[in-house]
Amino acid sequence: MEESSDRPGEKIVIRIKDWGSKEVTRGTTILEMLGDLHQKLKKEALAARLNGKIVDLNTPLLENASLEILTFDDPEGAEIYRHTASHVMAQAVKRLYGNVRLGIGPPISNGFYYDFDFTTPISPDDLEKIEEQVKQIIKEDIPLQRIEVSREEALKIFREKGENFKVELISDLPEGETISCYRQGDFIDLCVGPHLPSTGRLNFFKLLNLAGAYWRGNENKPMLQRIYGTAFPKQKMLEEYLHFLEEARKRDHRKLGKELDLFSFHEEGPGFPFYHPRGIIVRRELEKFWRDEHQKAGYLEVETPLILNRRLWEQSGHWEHYKENMYFTKIDGQDYAIKPMNCPGSMLIYKTGMRSYRDFPLRMAEMGLVHRHEKSGTLHGLMRVRSFTQDDAHIFMLPEQIESEVGGVMELVDHFYKVFGFSYHVELSTRPEKAMGSDEMWEKATSALQSVLDKRGIPYKINEGDGAFYGPKIDFHLQDSLGRTWQCGTIQLDFQMPEKFDLSYIGPDGQKHRPAMIHRVVYGAMERFFALLIEHYGGAFPLWLAPVQAIVIPITDRQRGYALEVNDLLRHEKVRVEMDDRSEKVGYKIREAQVQKVPYMLVIGDKEVEAHSVAVRHRERGDLGILSLNAFVEKIKEEINEKK
RNA sequence: GCUCACGUAGCUCAGUCGGCCAGAGCGUAUCCUUGGUAAGGAUAAGGUCACCGGUUCGAUUCCGGUCGUGAGCUCCA
């Protein structure tokens, strides 16, 4: 609408969000304009949105326009800030280790990274040195300059520098695309930008860790060294972030698992978890809840063997598609495999009799222990293991029941996660490269899942090519204490297994038909869900899950008799109770119970013996005063039942 | 699987630039203490310094390999 003209000295009008309009001379940069407008804003501004497009502050204003100033509080602002930080780090690395080639260096949530190809690998000790150099570059306050170049020029620049990764990136850019670079002093990087106007705009900077990363995420390509870091405009923000990381480490399920004596791992079985008495209590409670809810939701429970003949796995397609992840054994000279999935077993149960459309939907659930050979480097506490129990179910149904059944599972998942207070996000995964079945089948199955999500208005992300080999899936992801996400629930539509196993049902027409089927889990894997729960609650499980729900603490030996009576009564009422009658002071016993995150501590002195009562202390609410023994028993039983 | 780092008592961690009996705190055991809401005191036990080789007069320490663990990549519930 607004025609630009090339007459110099002409005035143009800029409408600035939250700051009204401003008249400037054509050609004034955004930064210059801000200087006239407001010093604080100029200081906080990182980039701007000019007529909807995010640009550098050095961008000259050439026509009437609308402008929005981006600060660190805007997600885009923070990204630009971190992106510049990554360039500065790369410059520092270049200065210190001249002979290093650059990979990529994007901002990520809470920070940034940059990938480098060093001639000799650096060690974590080098980070300090790099950090010092970064500080130096910030101090030098070097301006960042955007340069737009032709493809040939870009190739020339980076070829001359020996930056063959950058050359590869440029070569892969579509023809005709403007190629931009950012220069700061002697350092130049291929980058779309935008960036901060100068390195001095960065403030508090911290390099966090060093890791390996394949070039372009491809395991067949060279491995680079990735340096992770973060940057904030205020010291306090950086400190808060580092503090958050520290707190998150305290909630790490691997640490809490040890401290609370829940589970362990051993060299004798890497990736194979050992549940301790306290850990198995939590798991059994989760299972109990699961059985109750599944019974209500109309599921039938089954159990199938751990080891089954090779023939079955050939029939299911696992032999062909999943062999690398399976464990094998021989029985009487015949090949057997330890099940990596529960479905083939359920197929055999399905086939033990004639099925009628009247039986549908047939919801067959199984807490099935599966074993998978996961790559050693991927193991991670209970989150990623080699043997785990899936709260599996296979639903056999009429094709027209798919939508309502998928919807039903989604409701069940939502209900479960709400009970634990988890928030989650949903992803839809489509056909992988290595897949069974025709494109039409995949198309049909994928759009069925998509339509359920769309109809329910559930936001989801699409993961192209991430489906199971037998069908597309809807995944439910939860976050751990550090914000890393883990797939838990999943709903997988499968038109393959029914074919492979020649499943049938008798329809109303008296003829045989092929049933539709879904695989689904709600918790996902009990191990992973348990790990997430530990981190979610920081080890302080809600009463109904707590391994020890109450601890009886007699003050002296005199109260031991009555304390034992309290202990026995609670135990008979199925409360998980322990007694601490060691000759230690009350304070000591309380401290230990607090550290172990026991919900209720029952202190018993002479007064309580006399009154047949208990002095109740709650791990979070503190001293709750004296309750009669019976009143406490009722109270705790009620709270357990209500899953408070 | 790959890159880098790490592996010392049940746990958390010192330490040894190659050399006498390898240390601390917590925990455990025994004794003293019987103390009212987050650590009472004393004594003791506890280690093939992950494992296997090599270098060396001598290795927990240096080198190589194996196993395990961590961060991340790849892969996945």
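Order of the sequence lines fixes the chain letters, A, B, ..., with proteins taken first and strands second; residue numbering starts at 1 for each chain.
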Check your understanding: Under a 3.5 Å cut-off for both distances, is B/rA59 Watson-Crick or wobble paired, and to whom?
Key -> none
Review point. Quick one: does A/S583 reach the base of B/rU34 with a side-chain donor-acceptor pair under 3.5 Å?
Key: no
Practice item. Identify whether the distance between the nearest side-chain nitrogen and carboxylate oxygen of A/R254 and A/E259 falls below 4.0 Å. Key: no
Revision key, fill the gap. Paired to B/rC67 by Watson-Crick or G-U wobble criteria (both distances under 3.5 Å) is B/rG7
Review point. Looking for any heavy atom pair under 4.0 Å, which part of the strands does A/R528 touch: base, sugar-phosphate only, or nothing?
Key: base
Review point. What nucleotide among B/rC67, B/rG35, B/rA71 has an atom nearest to a side-chain atom of A/A211?
Key: B/rA71
Exercise for review: Nearest whole angstrom, please: distance from the P of B/rG35 to the CD1 of A/I604.
Suggested key: 16 Å
Review point. Could you state the CD-C1' distance from A/E374 to B/rC73, rounded to the nearest angstrom?
Key: 16 Å
Point to revise | Whole-Å C1' distance, B/rG47 and B/rG15 | key: 14 Å
Point to revise | B/rC32 and B/rU37, which share atom name C1', separated by this distance in whole Å | key: 24 Å
Exercise for review: Apply the ring-ring contact (aromatic ring centres under 6.0 Å, His included) test between A/Y523 and each candidate in A/F530, A/F529, A/W486; give the one that qualifies.
Suggested key: A/F529
Point to revise | A/E247 bridged to A/K250 by N-O distance under 4.0 Å | key: yes
Review point. How about A/F265 and A/F274: are their ring centres within less than 6.0 Å of each other?
Key: no
Check your understanding: Does A/R582 place a side-chain N or O at less than 4.0 Å from the phosphate oxygens OP1/OP2 of B/rU28?
Key -> yes
Exercise for review: Return the value, rounded to whole Å, for the distance between atom CZ of A/R254 and atom P of B/rU69.
Suggested key: 11 Å
Revision key, fill the gap. Applying the 3.5 Å cut-off to both distances, the Watson-Crick or G-U partner of B/rG18 turns out to be none
Point to revise | Touch class at under 4.0 angstrom, heavy-atom based, for A/G377 against every strand present | key: base
Review point. Hey, does A/Q594 reach any base, or is it just sugar-phosphate, or nothing, if we go heavy atoms under 4.0 Å?
Key: base
Exercise for review: Test for a donor-acceptor pair under 3.5 Å between the base of B/rC75 and the side chain of A/R384, counting only N and O atoms.
Suggested key: yes
Review point. Side chain of A/S376: nearest nucleotide among B/rC76, B/rC11, B/rG1?
Key: B/rG1
Point to revise | Cation-aromatic face contact A/R249/A/F244, 6.0 Å, 45 degrees | key: no
Review point. Expressed as a whole number of Å, how far does the P atom of B/rG10 sit from that of B/rC49?
Key: 12 Å
Practice item. Indicate, with a heavy-atom threshold strictly under 4.0 Å, whether A/V521 touches base, sugar-phosphate, or nothing. Key: nothing
Check your understanding: What about A/E608, does its side chain sit under 3.5 Å from the base of B/rG36 through a donor-acceptor pair?
Key -> yes
Point to revise | Protein-nucleotide distance (A/I590, atom CD1; B/rG35, atom C1'), rounded to Å | key: 13 Å
Exercise for review: Have a look at A/N209 and say if it touches a base, only the backbone sugar-phosphate, or nothing, with a 4.0 Å heavy-atom cut-off.
Suggested key: sugar-phosphate
Review point. Among side-chain atoms of A/Q559 and A/D606, is any donor-acceptor pair under 3.5 angstrom?
Key: yes
Revision key, fill the gap. Which of B/rU3, B/rC11, B/rG40 is nearest the side chain of A/K258? It is B/rC11
Check your understanding: According to the Watson-Crick and G-U wobble definitions, with both distances under 3.5 Å, which nucleotide is paired to B/rG72?
Key -> B/rC2
Review point. Using a cut-off of 4.0 Å on non-hydrogen atoms, how would the nucleic acid contact of A/V370 be classed: base, sugar-phosphate, or nothing?
Key: nothing
Practice item. Could you state the atom-to-atom distance from CZ of A/R386 to P of B/rC75 in whole Å? Key: 17 Å
Practice item. Could you check how far CZ of A/R484 sits from C1' of B/rG72, rounded to whole Å? Key: 10 Å
Point to revise | B/rG27: pairing nucleotide in any strand, Watson-Crick or G-U under 3.5 angstrom | key: none
Exercise for review: Look at A/E219 together with A/K375 and state whether they make a salt bridge at an N to O cut-off of under 4.0 Å.
Suggested key: yes
Study note, to complete from the structure: From CG of A/L256 across to P of B/rC11 the rounded distance in Å is 16 Å
Point to revise | Sugar-phosphate only, base, or nothing, as touched by A/D466 at under 4.0 Å among non-hydrogen atoms | key: sugar-phosphate
Practice item. Have a look at A/G217 and say if it touches a base, only the backbone sugar-phosphate, or nothing, with a 4.0 Å heavy-atom cut-off. Key: sugar-phosphate
Review point. Between B/rA71 atom P and A/Y228 atom OH, what is the distance in whole Å?
Key: 12 Å
Review point. Do the side chain of A/Y214 and the base of B/rG72 come within less than 3.5 angstrom through a donor-acceptor pair of N or O atoms?
Key: no
Review point. In Watson-Crick or G-U wobble terms, both distances under 3.5 Å, what is the partner of B/rU48?
Key: none
**Study point:** Short side-chain N/O contact from A/H373 to OP1 or OP2 of B/rC75, under 4.0 Å
**Key:** no
Check your understanding: Has A/Y588 got its ring stacked on B/rA38, by the test of a centre gap below 5.5 Å and a plane angle below 30°?
Key -> no
Practice item. Describe the nucleic acid contact of A/K607 in one word from base, sugar-phosphate, nothing, applying a heavy-atom distance below 4.0 Å. Key: base
